[in-house]
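I have placed the structure first, in the form of structure tokens, so that the comments after it can refer back to it.
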Amino acid sequence: MHKPFAVEAISLNKHVSSSEARLTILENLDLAVPHGERLAIVGRSGSGKSTLLGLLAGLDSPSSGKVLVDGIEISSLDEDGRAAVRGRKMGFVFQSFQLLPSLTALENVMLPLQLAGNDNAQSQAKAALDRVGLSQRMSHYPRQLSGGEQQRVAIARALAPEPAILFADEPTGNLDAATGQQIIELLFSLNTEDGTTLILVTHDNTLAAGCRRRLLLNGGKLDEMRGEELVA
Amino acid sequence: MNAAGLAWRQLKSHWSAGDIRVLMLALVLAVTATTSVGFFTDRVESALERQGAMLLGGDLLVSGAKPLAENYRLEAERLQLASTATVEFPSMVLHGERTQFAEIKAVGAGFPLRGELVISDQVAVAGVTPGALPAAEIPAAGTVWVEPRLAKLLDLKVGDTVSVGEREMPVSAILERENSRGGDMFSFAPRLMMNLDDVAATGLIQYGSRVKYQFLVAGDVRKVGEYAVWANKVAARGERVQDVSAARPEIRSALEKARQFLGLSTMVAVILAIVAMFLASLPHVQRSLDTYALMRCFGASKALIMKILLWQTFMIGFLGSLLGCLLGYLAQAGLAALAGSLFLEALPAPGWMPLLSGMGLGLLTMLAVIWPHLAGLRDVPALRILRRDAGDIDRRAWAGYLPITLVIAAMIFWHAGSFKLGGATLLIFIGLLSLTALLAMFGNQVLQRLPVSKASAWKLGLAGLKRRPLMAIAQVAGFSLGLMALILLALVRGDLLNNWQASLPADAPNRFIINIQPHQVEGVKSFFTEAGIADAEVFPMVRGRLVAVNGEPLDTTKYDDERARRLAEREFNLSWAANMQADNQMLEGRWWTEAEHGQPLLSLEQDLSETLGLKLGDRLRYDIAGSMLEVTVTSIRKVEWDTMRANFFAVMPPGLLEDYPASYISSFYLPLGQDQSLNRLVQDFSNLTVIDVAALMEQVRGIMTKMTHAIEYVFIFGLLAGLAVLYAALVASRDERVREAMLLRVLGASNRQIVLAGLAEFLSIGMVSALVATLAASALAWYVSVHLLNIGYQFNLLLALLAFAGASVLVPFAAWLGMRGFLRLSPRQLLQSV
């Protein structure tokens, strides 16, 4: 029996119903992401990229179809079951950083470790912040950090529990070009070091270009992109 | 890390965001107000018990008309309780040519077991008694002590000899004060006290004599309780067991009102604090939603989130309550100091109950405040991280608000102390909230339709109201309650407390004359005229015993209540009048017309009718000097006993009782230094008994003054809680407001436009709140005046206008102060501050 995929989606559908109409966001979508792969999902704004990421990470549940993470069918689990899988296997980096404003950088990084009941939360968090070059700013609050620094904290937080899969949702979306570039480089280099599966959602072609595999989400379906393809 | 650790960490980090601080402050206020007043009333309660014990002369009293069985003494000995006995009987006392009817009290060694006897060796001159000291012993065998009144009537001084029955005994002291002299104020003649061992020698107690035998015990509370149970079981027919609950009704009444006042003040403070807590919880919950969504994203289970939530609620509740209890303990010391020498001795130390109730209140209220949000917070989807609107709490789920409503209702009834006042307050509270919501909705509709120029700041502000209708209603309710407390404070401080004190004016009656015979009425009236006493009234009084109700002979044993049995057994003072006394208040039925004079009708006092279970339409048969008179109850009145005026439980129309043997009673104010003229009157009519209630009135007046201070002190909590509500109402919408301001700034709005929009919004909220608050405060003040104090209420228009104008300025100004800091920031900085 072959090793299960890191993430696998089978006939995934997602509809949103409103009083006027039924909107199809994803339609019969299939996807298999092997372990260690670095995948970019690109698409226009509103193409459903974030919805797909939410489904793959178990933040949301599909209208129909299956999502398997490391062979576990998370789409059939309840919220708590999915949360447990996320806690064990996944890390997240968001466009808007999602740091808790009332926690220091170190406390933010410690949070997922503490939730997992990790006894060495503090030392592991410190090590993670050190990796992203913020060992001098551990006791700073998010509002005292620049946008780039906040995203570094978020990356440290995502990697500290050593997840098997890292989801990144437009990680450079809130940053200027130069800072964005630094963040991408950091993210990719750490990903290479750890051998983590990285699933990246972006509309930024440069960012996508750094990934071995790129998929274009269009009209609710995924298409493999070749190197020269660009998102209009 | 476990849930408690996570909760604590989160709490510490959230502390920097203001809302938890407001939540905590409000909680501390609620608990401080409750515990300080709780501790204080607890102490007043114990002091009252002790005072009751002093009035009784012991902790427990057994009395009967026949000599009491030896068992009573043996049981007291067995339980190692202190005990003594007394015998009371009326008799004539002679000194030379003068005779006077007196109440003789023969006391055993050790009397009184509680309280003291104050004696002196001279009769007071102009109200000042030289050398009065607590007596160390009872009168030595063969000697007597006499009251100043008896000394005056018999022209006695220490060393003179009086005849009591067959004995001649020297007066060894003047009995200045006997705390144990409670009971029916109108029934006693002046006191002569002697040693129990001398009773037999007087030969006064014979078969058929009217004698009251008493046996007193005192000691350990538990043992006294045990003794009480035993005594009630063995008490023979006609024997009564009395405990310390029988304090003077006048003092009870004044204290009861004071307690209601205190309760009302505490209630206002506590409700406001709960409202402030609730308002402050809203932004806290909003913030927590994002935190928990993120934690869900990182793998936290619902159970863990729930544990963290409950731990956090417990931690805030515990810390706030603990701090509140500590502050409450300190604050009650201030209250006790203000109440000062209200009582005969220093207030006893407070008990532990208020501490428990304070902690209970704090924890329960915290849970109730968080309750409506618990499920929403627990179930917040991780998806909220990606879509901000996912998992917003539905604030319109009314069932979630049931616990907090119950807590508020419980607070109201607990502090109101009476079901009626509690019910009225609850109605006012619910009415206030409904009125607020209605007015806010209505106001919103009207304001939206006002013709305003295109994109004016006013329109922008009103649009803000429309976007947040629920928040607007919550804010109006919050502001209204806060303002109401402030207005009520002004009303109570100014009008109500003054009116309460004025209900016992400086010239309230301080003397009673009883036993006036019909032929002496004119003489007494002319004395009033000569002494310049204008408003003295003389009331007729006929003694009658209630023998049957609705044709059924009265069976007093059917009353479980000791007091009811006593009331039913004793003789009633029946009076008649053409008009109802001015200080009475008609509750049910109606007063008789002139055409009904002479008809068998009866007006009863409310407390009596309730105790004896009598109602309108009941036919009561009285035995008056051997002949029967049946009357129908046609009205129930409320009587204010602490006004010190002569009043009657049962009044009939004129033309019904005139033929029965009557005596008259009068109450009047005797100015200081007029005692001589009164003494002349008493010399002219030696059968008259004058009762001096000046000391009692001073005590009542002292309670009023001191309790007024105590109430004003408690209102400081109300004031603080009111301000906390105002602040919490501002904080509740601050984040959203800042976000909007930021957006408007990005879109190119000037600071001026934003300020004006904010001011317009808060001016509307302020005006609606001021209107509601003024109405509600006036309604509450009216209720307290009319139903609690029985004094007329006058709507204070000036204060209402001032409050309205003040609130219309204060609310927008406070809002501007709160927003000012943010207006200086750039949109970028604003973004980060949210």
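Residue numbering restarts at 1 for every chain, and letters A, B, ... go by the order of the sequence lines. All heavy atoms count here, side chains included; hydrogens, waters and symmetry mates do not. Given the structure is predicted, the values throughout are model-derived calculations rather than measurements.
Neither the backbone nor the side chain of A/Arg82 comes within less than 4.5 Å of any heavy atom of chain B. Heavy atoms closer than 4.5 Å to chain B are found nowhere in A/Gln95, neither backbone nor side chain. Contacts between B/Ala303 and chain A at a heavy-atom distance below 4.5 Å involve the backbone alone (N, CA, C, O). Interface remark: A/Ala121 contributes no atoms to any contact with chain B (heavy atom separation under 4.5 Å).
Between A/Leu59 and B/Leu383, the shortest heavy-atom contact is O-CB, 3.5 Å.
Heavy-atom contacts from other residues, nucleotides or ligands closer than 6.0 Å to NZ of B/Lys307 number 12 or fewer. Around the NZ atom of A/Lys66, the shell of radius 6.0 Å holds no more than 12 heavy atoms that belong to other residues, nucleotides or ligands. A 6.0 Å sphere centred on CD of A/Glu162 holds no more than 12 heavy atoms belonging to other residues, nucleotides or ligands.
Panel note: side chain A/Gln114, backbone B/Leu6; no donor-acceptor pair is recorded below 3.5 Å. The backbone N or O of A/Ala83 sits nowhere less than 3.5 Å from a side-chain atom of B/Arg296 that would complete a donor-acceptor pair. The main-chain N or O of B/Cys297 is found under 3.5 Å from a side-chain atom of A/Arg86 such that the two form a donor-acceptor pair.
Of the listed residues (A/Leu53, A/Leu100, A/Leu103), the one with the most heavy-atom contacts under 4.5 Å to chain B is A/Leu100. Chosen from A/Gly91, A/Ser96, A/Pro112, A/Pro161, the residue pairing most often with chain B at heavy-atom distances under 4.5 Å is A/Pro112. Listed options B/Ile305, B/Leu294, B/Asp379 were ranked by heavy-atom pairs under 4.5 angstrom with chain A; first place goes to B/Leu294.
In this structure, the separation between CE on B/Met295 and CG on A/Leu111 is 5.5 Å, given to the nearest 0.5 Å. Considering CZ of B/Phe298 and CZ of A/Arg157, their distance stands at 3.5 Å, rounded to 0.5 Å.
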